[in-house]
Asks: 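Before anything else, here's the structure in question.
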There are 2 protein chains.
Amino acid sequence: MRKGEETRTRILDAAEVAVLAKGFGATSIDELIVEIGITKSGFFYHFRDKNELAKALLERYIENDEKIYDEIFGRGRELADDPLQAFLLGLKLLSELLADLPNGHPGCLVATMCTQERAFDREIRELNRQAALMWRRRFGAMFRDIMQAYRPREPLDADQLADMVSTVLEGGIVLSKALKEPKSLPDQLLVFRSFVRLLFQPAAPA
Amino acid sequence: MRKGEETRTRILDAAEVAVLAKGFGATSIDELIVEIGITKSGFFYHFRDKNELAKALLERYIENDEKIYDEIFGRGRELADDPLQAFLLGLKLLSELLADLPNGHPGCLVATMCTQERAFDREIRELNRQAALMWRRRFGAMFRDIMQAYRPREPLDADQLADMVSTVLEGGIVLSKALKEPKSLPDQLLVFRSFVRLLFQPAAPA
DNA sequence: TGCGCTCCTGTACCGCCAGTACAGTTTTCA
DNA sequence: TGAAAACTGTACTGGCGGTACAGGAGCGCA
């Protein structure tokens with residue numbers, strides 16, 4: 001049990017790196033087993049097929065993602081009582097975390113599975129959808145809290161603002177990779193942060 | 001010559017649909033040639049290998065993308081003299097165009113190649129980078145024009161604002177696909193439009 | 001001590017796929 | 001009508017996903 005879990009984790013680790021770098025279709029099982037030093041039979045002992053691997057990969061990724069957001073925006077709430085300040089602080093912390101990744105963001109598995117959606121079954125596409133909905137719920141709740149205390153200068157929907165967080169993150173990752181400029185992602189997040197601050201800023205004093 | 005171009009186009013058309021749906025690695029040449037009714041030899045007459053296909057695909061995609069932006073933001077400038085109004089109008093027109101796609105946005109090839117970057121050679125990654133830089137130049141020029149006439153309420157960089165257009169488009173496509181909500185993409189673009197309007201809105205009257 | 005379970009290895013095989021090689025054939029257009 | 005363009009046909013290679021099993025090493029427990 002102990003040993004089996006460890007091997008499984010090593011497969012997932014190697015697969016995640018490869019899938020984020022080359023895409024799922026271009027990631028071969030043969031290459032993974034060579035890398036981690038097991039046989040093909042060993043691989044299929046842990047995963048029925050490649051689709052099972054994709055599912056396990058995505059589940060683990062989403063779980064970890066949620067944990068990171070919990071920590072970062074939890075810290076934001078610890079350091080600031082005001083919901084707007086807490087959120088802005090969270091965005092700042094997230095931007096710093098992304099800026100500190102030495103080789104830039106490795107990529108988002110949710111995005112990877114979206115850009116190759118027909119390569120996966122219904123179950124995986126549903127997992128992907130649930131992840132995006134969780135992001136919406138998380139940030140939507142924050143924006144609703146903020147709106148209790150601040151009146152937005154434009155009548156924007158809390159869920160659409162929440163989606164904007166995911167949009168900027170996913171889009172920033174793509175742009176960063178296309179440009180080969182790791183700094184673009186944290187920068188874009190800070191631009192979005194400025195927008196949020198502007199949106200809830202009280203009208204200029206008379 | 002005429003005929004050859006037509007076949008080549010048919011290959012590219014079929015390949016683009018398949019690559020956007022399943023990713024490049026999961027798109028097989030065998031499947032493409034069956035779909036368009038040629039032989040494998042016929043395919044390799046037009047493209048030396050799969051990488052040549054990818055390059056041609058990306059080149060055509062970027063060219064077409066530029067043409068669409070030229071048209072839409074050109075129309076914006078025709079209908080409004082003011083650079084801010086012209087840009088806001090362009091975003092509106094773009095949002096409407098995206099909202100009218102019956103099955104949602106098919107996906108962006110630049111994003112596809114980013115999320116599978118290691119599957120492609122240096123030349124293709126450079127093409128991708130140039131595309132992102134072209135977007136930056138295009139929208140950066142528009143923001144600089146706007147800044148000649150309007151003072152932003154936050155000191156934001158024109159190039160970073162320009163990148164935000166690409167970010168929102170790429171991120172919106174990913175989110176739309178993940179959520180299976182085609183409307184998310186045009187909606188996100190309109191949220192961004194509100195932000196831009198807010199940014200250049202004169203300070204609230206005293 | 002040995003039984004059974006987990007966690008693999010080894011071997012052999014199938015059909016799909018990218019790519020090569022090249023000879024031959026049809027189509028197109030000047 | 002003839003040369004070039006645009007293919008087809010055939011045969012092959014090696015990698016890959018996946019299947020099918022048979023067997024074995026190490027470990028916990030009665």
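In what follows, chains are A, B, ... by sequence order, proteins preceding strands, each numbered from 1.
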Asks: Could you identify which residues of residues 12-24 of chain A place a heavy atom less than 4.0 Å from some atom of DNA chain D, listed by residue number, or say none?
Replies: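 By residue number: none to list.
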Asks: Closer than 4.0 Å, any side-chain N/O of B:Tyr45 to the OP1 or OP2 of D:dA6?
Replies: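 The answer is yes; a side-chain N or O of B:Tyr45 sits under 4.0 Å from OP1 or OP2.
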Asks: Can you list every pair that meets ring pair (Phe, Tyr, Trp, His ring centres under 6.0 Å) and has a residue in residues 158-182 of chain B, with sequence neighbours left out?
Replies: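 Every pair satisfying ring pair (Phe, Tyr, Trp, His ring centres under 6.0 Å) with a residue in residues 158-182 of chain B: there are none.
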Asks: By side-chain hydrogen bond (donor to acceptor under 3.5 Å, both in side chains), which residues pair with B:Tyr150, not counting sequence neighbours?
Replies: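 B:Tyr150: side-chain hydrogen bond (donor to acceptor under 3.5 Å, both in side chains) contacts with B:Asp82.
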Asks: Taking a pair as Watson-Crick (N1 to N3 plus N6-O4 or O6-N4) or G-U wobble (N1-O2 and O6-N3), both under 3.5 Å, which stems of 3 or more consecutive pairs involve DNA chain C?
Replies: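 Runs of three or more consecutive pairs: C:1-30 with D:1-30.
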Asks: Can you give each donor-acceptor pair under 3.5 Å made by side-chain atoms of residues 95-110 of chain B, sequence neighbours left out, with the distance rounded to 0.1 Å?
Replies:
unit_1   : atom_1 : unit_2   : atom_2 : d
B:Ser95  : OG     : B:Pro186 : O      : 3.2
B:Glu96  : OE2    : B:Lys92  : NZ     : 3.4
B:His105 : ND1    : B:Gly107 : N      : 2.8

Asks: What residues form a side-chain hydrogen bond (donor to acceptor under 3.5 Å, both in side chains) with A:Glu154, not counting sequence neighbours?
Replies: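 So A:Glu154 forms a side-chain hydrogen bond (donor to acceptor under 3.5 Å, both in side chains) with B:Arg197.
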Asks: Taking atom types as they are modelled, would you say the side chain of A:Ser41 forms a donor-acceptor pair with the base of C:dG10 within the 3.5 Å cutoff?
Replies: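 Side chain to base: pair present.
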Asks: Rounded to the Å, how far apart are A:Phe47 CZ and D:dT19 P?
Replies: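 About 15 Å, once rounded to whole Å.
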Asks: Under 3.5 Å, which donor-acceptor pairs do the side chains of residues 13-25 of chain B form with other protein atoms, sequence neighbours left out?
Replies:
unit_1  : atom_1 : unit_2  : atom_2 : d
B:Asp13 : OD1    : B:Arg60 : NH1    : 2.8
B:Asp13 : OD1    : B:Arg60 : NH2    : 3.0
B:Glu16 : OE1    : B:Arg60 : NH2    : 3.1
B:Lys22 : NZ     : B:Glu31 : OE1    : 2.8
B:Lys22 : NZ     : B:Glu31 : OE2    : 2.7

Asks: Output the rounded distance in Å from CD1 (B:Ile33) to C1' (D:dA6).
Replies: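 After rounding, the reported distance stands at 15 Å.
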Asks: Listed by chain and number, what are the side-chain hydrogen bond (donor to acceptor under 3.5 Å, both in side chains) partners of B:Arg129, not counting sequence neighbours?
Replies: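 B:Glu126.
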Asks: Can you list everything that forms a ring-ring contact (aromatic ring centres under 6.0 Å, His included) with B:Phe192? Sequence neighbours excluded, please.
Replies: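 Applying ring-ring contact (aromatic ring centres under 6.0 Å, His included) to B:Phe192 gives none.
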Asks: OP1, OP2 of D:dC7 versus side-chain N and O of B:Thr7: anything below 4.0 Å?
Replies: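 Yes.
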Asks: Between P on C:dT27 and CD on B:Glu6, what's the gap in Å once rounded to a whole number?
Replies: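 That distance rounds to 15 Å.
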Asks: Atom CZ of A:Arg8 and atom P of C:dT6: how far apart are they, to the nearest Å?
Replies: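 Computing the A:Arg8:CZ to C:dT6:P distance gives 15 Å.
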Asks: May I ask you to evaluate whether B:His46 reaches the phosphate of D:dC7, defined as a side-chain N or O under 4.0 Å from OP1 or OP2?
Replies: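 Checking B:His46 against D:dC7: at least one side-chain N or O falls below 4.0 Å of OP1 or OP2.
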Asks: What pairs with A:Phe139 under ring-ring contact (aromatic ring centres under 6.0 Å, His included), at least two apart in sequence or on another chain?
Replies: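 In terms of ring-ring contact (aromatic ring centres under 6.0 Å, His included), with neighbours along the sequence ignored, A:Phe139 is linked to A:Tyr69, A:Phe73.
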Asks: Listed by chain and number, what are the side-chain hydrogen bond (donor to acceptor under 3.5 Å, both in side chains) partners of B:Asn128, not counting sequence neighbours?
Replies: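 Result, side-chain hydrogen bond (donor to acceptor under 3.5 Å, both in side chains) vs B:Asn128: none returned.
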Asks: Take B:Glu6 and B:Arg10 through the test salt bridge (Lys or Arg N to Asp or Glu O under 4.0 Å) and record every step on the way to the result.
Replies: CA-CA 6 Å; B:Glu6 195 230 306; B:Arg10 273 167 57 220; 3.7 Å; yes
Asks: Do the side chains of B:Asp187 and B:Arg193 get close enough for a salt bridge, i.e. N-O under 4.0 angstrom?
Replies: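 No, this pair does not count.
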Asks: How many Å lie between CD1 on B:Ile38 and C1' on D:dA6, as a whole number?
Replies: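 For the pair B:Ile38 CD1 and D:dA6 C1', the rounded distance is 10 Å.
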Asks: In B/S/- notation, 5' to 3', how is nucleotides 12-18 of chain D contacted by protein heavy atoms closer than 4.0 Å?
Replies: ----SBB
